[in-house]
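Working notes for the structure below.
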Amino acid sequence: MEYSFPPIVTDMLPSSPIALPEELSCESGIIVSKEMMEILIPLEYIDKDSKYNSIDFSKKSLFYVKFRSFYEISSIEYSVWTTNDNIVTIAQRINTSGQFLPYGQYIMSNILIEKLDIMPNINLQQSVFFEE
């Protein structure tokens, strides 16, 4: 993992720029071009963080994960590794204060990783830890 961008957090409304279809609780993928990034990540967030515009997609890829949360998130930690058989595992540890949010939030995480030459199998592991 090269860099993790600050998470994008919005209210869980259908009009959210990172809304998920009702049947999905999580979505993830690999962004391999600036054009693709501008479709999947709201432009207001790209414009706020110059690191998005400095990504060299010939050398880097951007992994994203969108998910629903009904708890206030205090921090998110990541680990990324690749096995010899081209399986990329991304472990996401979500730390929460335990404050319940009855209407929920959409959260989008974007992680800069080494360029992937071929589309790998992606194994996403999410864990939630409640802080005391």
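Everything numeric here is computed off the predicted structure, so don't read it as measured data. In what follows, residues are counted from 1 in the order of the sequence shown.
Partners of Ser58 under the side chain to side chain donor-acceptor pair (under 3.5 Å) rule, at least two apart in sequence or in another chain, are Asp56. Not counting sequence neighbours, the partners of Ser74 by the side chain to side chain donor-acceptor pair (under 3.5 Å) test are Glu131. Legend: residues meeting side chain to side chain donor-acceptor pair (under 3.5 Å) with Lys60, ordered by chain and number and at least two apart, are Glu2, Glu114. For Ser25, there are no side chain to side chain donor-acceptor pair (under 3.5 Å) partners two or more places apart in sequence or in a different chain. Tyr3 is linked by a ring pair (Phe, Tyr, Trp, His ring centres under 6.0 Å) to Phe5, counting only residues two or more places apart in sequence or in another chain.
Atoms OG and CD1, on Ser61 and Ile111 in that order, are 12.5 Å from each other to the nearest 0.5 Å.
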- Item | Working for side chain to side chain contact (heavy atoms under 4.5 Å, CB included), residues Ile30 and Ile113 | CA-CA 10 Å; Ile30 302 289; Ile113 59 175; 4.1 Å; yes
For residues 31-52, tabulate all N or O donor-acceptor pairs below 3.5 Å that involve a side-chain atom, not counting sequence neighbours.
{"residue": "Ser33", "atom": "OG", "partner": "Met36", "partner atom": "N", "Å": "3.1"}
{"residue": "Asp49", "atom": "OD1", "partner": "Lys51", "partner atom": "N", "Å": "3.0"}
{"residue": "Tyr52", "atom": "OH", "partner": "Asn110", "partner atom": "ND2", "Å": "3.0"}

Tabulate below the donor-acceptor pairs under 3.5 Å that side-chain atoms of residues 94-109 make, not counting sequence neighbours, or state none.
{"residue": "Asn95", "atom": "OD1", "partner": "Arg93", "partner atom": "NE", "Å": "2.8"}
{"residue": "Asn95", "atom": "OD1", "partner": "Arg93", "partner atom": "NH2", "Å": "3.4"}
{"residue": "Asn95", "atom": "ND2", "partner": "Ser75", "partner atom": "OG", "Å": "2.9"}
{"residue": "Asn95", "atom": "ND2", "partner": "Glu77", "partner atom": "OE2", "Å": "3.0"}
{"residue": "Thr96", "atom": "OG1", "partner": "Glu72", "partner atom": "O", "Å": "2.4"}
{"residue": "Thr96", "atom": "OG1", "partner": "Gly98", "partner atom": "N", "Å": "3.0"}
{"residue": "Ser97", "atom": "OG", "partner": "Gln99", "partner atom": "N", "Å": "3.4"}
{"residue": "Tyr106", "atom": "OH", "partner": "Arg68", "partner atom": "NH1", "Å": "3.3"}
{"residue": "Ser109", "atom": "OG", "partner": "Tyr78", "partner atom": "OH", "Å": "2.8"}
{"residue": "Ser109", "atom": "OG", "partner": "Gln92", "partner atom": "NE2", "Å": "3.2"}

Table please: side-chain donor-acceptor pairs of residues 7-22 below 3.5 Å, with sequence neighbours left out.
{"residue": "Thr10", "atom": "OG1", "partner": "Ser16", "partner atom": "OG", "Å": "2.6"}
{"residue": "Ser16", "atom": "OG", "partner": "Ile18", "partner atom": "N", "Å": "3.2"}

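When every heavy atom of Lys115 is checked against every heavy atom of Phe57, the shortest pair comes out as NZ-O, 3.2 Å.
Under the 4.5 Å side-chain heavy-atom criterion for Ile, Leu, Val, Met, Phe, Trp and Tyr, Val128 and Ile90 are members of the same hydrophobic cluster. Note on Trp81 and Ile87: separate hydrophobic clusters, where clusters join Ile, Leu, Val, Met, Phe, Trp and Tyr whose side-chain heavy atoms are under 4.5 Å apart, directly or indirectly. The cluster map of Ile, Leu, Val, Met, Phe, Trp and Tyr, joined by side-chain heavy atoms under 4.5 Å apart, puts Leu124 and Phe129 in different clusters.
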